[in-house]
Amino acid sequence: MKFVACPLVVRPQKLELPPYTLLSEFVTKANMTTPKTILITGASGLVGESLCATLMARGYSVRTLSRSGRGDYQWDVAAGQLDPHVLDGVDAVIHLAGESVAQRWTDAVKARILDSRVDSTRLLVDSILAQDKRPTYIAASGISYYGIDSERLLDESSGSGKGFLAEVTRQWEGAAQALTEPGVRTVFLRTGIVLSAKGGALAKMLTPFKLGVGGRIGDGQQKMSWISLPDLVSAYVFAVENVSVRGAVNAVAPEPVTNSKFTKTLGKVLGRPTVFPLSASLVKMLFGEMGRETVLSNLGVLPNSLNELGFEWQQAELETALKQTLS
Ligand SMILES: NC(=O)c1ccc[n+]([C@@H]2O[C@H](COP(=O)([O-])OP(=O)(O)OC[C@H]3O[C@@H](n4cnc5c(N)ncnc54)[C@H](OP(=O)(O)O)[C@@H]3O)[C@@H](O)[C@H]2O)c1
């Protein structure tokens with residue numbers, strides 16, 4: 001079996017499997033007799049780097065597909081180009097790639113946010129369908145599927161809502177529906193706000209909060225559904241290793257909080273005051289539609305599927321998650 005180097009993360013020179021212990025643990029946990037090969041798109045991103053490292057530490061052979069020459073394989077989504085051999089011997093595809101949402105949304109940016117996800121999914125789906133042995137397909141999605149604003153708590157049975165990102169997630173997931181009819185196991189991890197000091201929303205909040213000029217956003221009553229990066233990575237591994245994981249799965253911690261509670265907890269963990277609110281009108285002025293659909297959105301989402309399937313949370317509680325993320 002070929003062990004393909006993942007150049008995007010620090011990886012050991014070779015797999016250092018203790019003769020029996022780690023291998024037997026990995027065979028039992030992953031219910032497999034030979035190391036599985038996983039193809040990851042977007043492996044250079046916040047989630048992908050961590051996931052890549054975790055999968056390799058568990059003994060998987062990880063293959064990366066990137067726009068740049070830093071991946072094991074390259075693709076050009078806009079040109080519809082994908083190496084036909086990229087899926088040879090692959091047991092599961094994890095599709096994370098997509099244009100960043102965290103930028104001001106011009107028409108051109110919105111087109112890239114949508115097309116990078118939908119067109120890349122179509123390319124992968126066509127390749128999967130062309131395989132004799134079709135790999136499992138696991139993809140990132142977002143809780144923005146449920147819209148922008150909901151007074152009631154939402155779970156996987158909730159319908160889709162309004163907004164640009166809701167439309168993006170519908171089309172993103174929809175582009176992979178062609179896999180379900182021929183019976184390919186397909187999973188969409190509808191992800192909440194990922195907590196990491198290295199990137200994403202929390203990293204952007206850290207500077208003002210550390211300077212003592214942080215505070216709630218808008219009236220602070222909007223619900224925030226978050227997940228720690230280690231729990232999200234575990235959810236992907238859980239989806240790879242458990243054949244009962246199928247369809248839409250909310251990747252959010254069990255307790256969504258209001259923005260006020262998030263703000264106070266972050267201030268407490270950092271030992272800083274949080275008395276400078278950022279008004280909704282300023283958010284709209286600075287970030288436009290993107291601000292309205294992200295930091296001002298009000299979505300309390302529950303991880304019912306993960307809980308029912310027996311997923312074990314490492315950081316289910318916000319204060320613990322923030323302490324461990326920022327330690
Ligand atoms: N982080 C969050 O809070 C969060 C929340 C909800 C959903 N998600 C979703 O989860 C996925 C992973 O999130 P992340 O935070 O790791 O994302 P990220 O850090 O922005 O990384 C995404 C990766 O996608 C690839 N990419 C970027 N622009 C692209 C384009 N125009 N066309 C094709 N590929 C492109 C890049 O990989 P290469 O340069 O190697 O090609 C990039 O490293 C994303 O799809 C994101 O929307 C994330």
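Remember, predicted model here, so these are calculated numbers, not experimental data. Counting starts at 1 for both ligands and their atoms, in listed order. If you read the sequence from its start, that first residue is 1, and numbering goes on from there.
- Listed by chain and number, the residues in a salt bridge (Lys or Arg N to Asp or Glu O under 4.0 Å) with Arg112 are Glu99 (sequence neighbours excluded).
- In this structure, Gln221 and Ser260 have side chains that are in contact, with non-hydrogen atoms separated by less than 4.5 Å.
- Using a 4.5 Å heavy-atom threshold, the side chains of Leu322 and Leu195 count as touching.
- Of the N or O atoms in Val47, one or more lie within a sub-3.5 Å distance of an N or O in ligand 1.
- At least one heavy atom of Ser141 lies less than 4.0 angstrom from ligand 1.
- With a heavy-atom cut-off of 4.0 Å, Trp226 does not touch ligand 1 at all.
- Taking the side chain as every heavy atom from C-beta outward, Val301 and Arg190 never approach each other to under 4.5 Å.
- The shortest N or O to N or O distance between Val194 and ligand 1 is under 3.5 Å.
- Here Ala97 has heavy atoms under 4.0 Å from ligand 1 in both its backbone and its side chain.
- Near Gly192, meaning under 4.0 Å from one of its heavy atoms, ligand 1 places the atoms 3 (O), 5 (C), 6 (C).
- Counting only heavy atoms from C-beta outward, the side chains of Leu206 and Leu326 approach each other to under 4.5 Å.
- Residue nearest to atom 19 (O) of ligand 1, selected from Ile40, Thr169, Leu46: Leu46 (by heavy-atom distance).
- At under 3.5 Å, a nitrogen or oxygen of Gly98, whether backbone or side chain, sits near a nitrogen or oxygen of ligand 1.
- Ligand 1 places these atoms under 4.0 Å from at least one heavy atom of Ser116: 30 (C), 31 (N), 32 (N).
- Between Phe262 and Trp226, the distance from one ring center to the other does not fall under 6.0 angstrom.
- Geometrically, ligand 1 and Ser66 share a nitrogen or oxygen pair separated by less than 3.5 Å.
- Assignment of Val101 to the shell around ligand 1 is not supported, since no heavy atom sits closer than 4.0 Å.
- Residue-to-ligand polar distances keep Leu65 apart from ligand 1: every N/O pair is separated by 3.5 Å or more.
- With sequence neighbours excluded, the residues satisfying side chain to side chain donor-acceptor pair (under 3.5 Å) with Ser141 are Glu173.
- The shortest N/O to N/O separation between Ala140 and ligand 1 does not fall below 3.5 Å.
- Taking every heavy atom of Thr191 and a limit of under 4.0 angstrom, the matching atoms of ligand 1 come to 5 (C), 6 (C), 7 (C).
- With respect to Thr263, the side chain to side chain contact (heavy atoms under 4.5 Å, CB included) criterion is satisfied by exactly one of Leu278, Ile217, Thr274, Val275: Thr274.
- The shortest N/O to N/O separation between Gly45 and ligand 1 falls below 3.5 Å.
- When only interatomic distances are considered, the shortest N/O to N/O separation between Ser100 and ligand 1 does not fall below 3.5 Å.
- Aromatic ring pairs are classed by plane angle as parallel below 30°, tilted from 30° to 60° and perpendicular above 60°; the pair His95 and Tyr137 is tilted.
- Using a 4.0 Å cut-off between heavy atoms, Arg70 makes no contact with ligand 1 at all.
- Side-chain contact between Val245 and Arg185 is present, with at least one heavy-atom pair separated by less than 4.5 Å.
- Those atoms of ligand 1 with a heavy atom of Arg117 less than 4.0 angstrom away are 44 (C), 45 (O), 46 (C), 47 (O).
- On a distance-only criterion, Trp172 and ligand 1 share no N/O pair closer than 3.5 Å.
- For ligand 1 and Ser44, the ligand atoms under 4.0 Å from any heavy atom of the residue are 36 (C), 37 (O), 38 (P), 39 (O), 40 (O), 42 (C), 43 (O).
- Within the 4.5 Å cutoff, side-chain heavy atoms of Lys284 are placed close to those of Leu296.
- Residues Phe311 and Trp313 place their aromatic rings such that the two centres sit under 6.0 Å apart.
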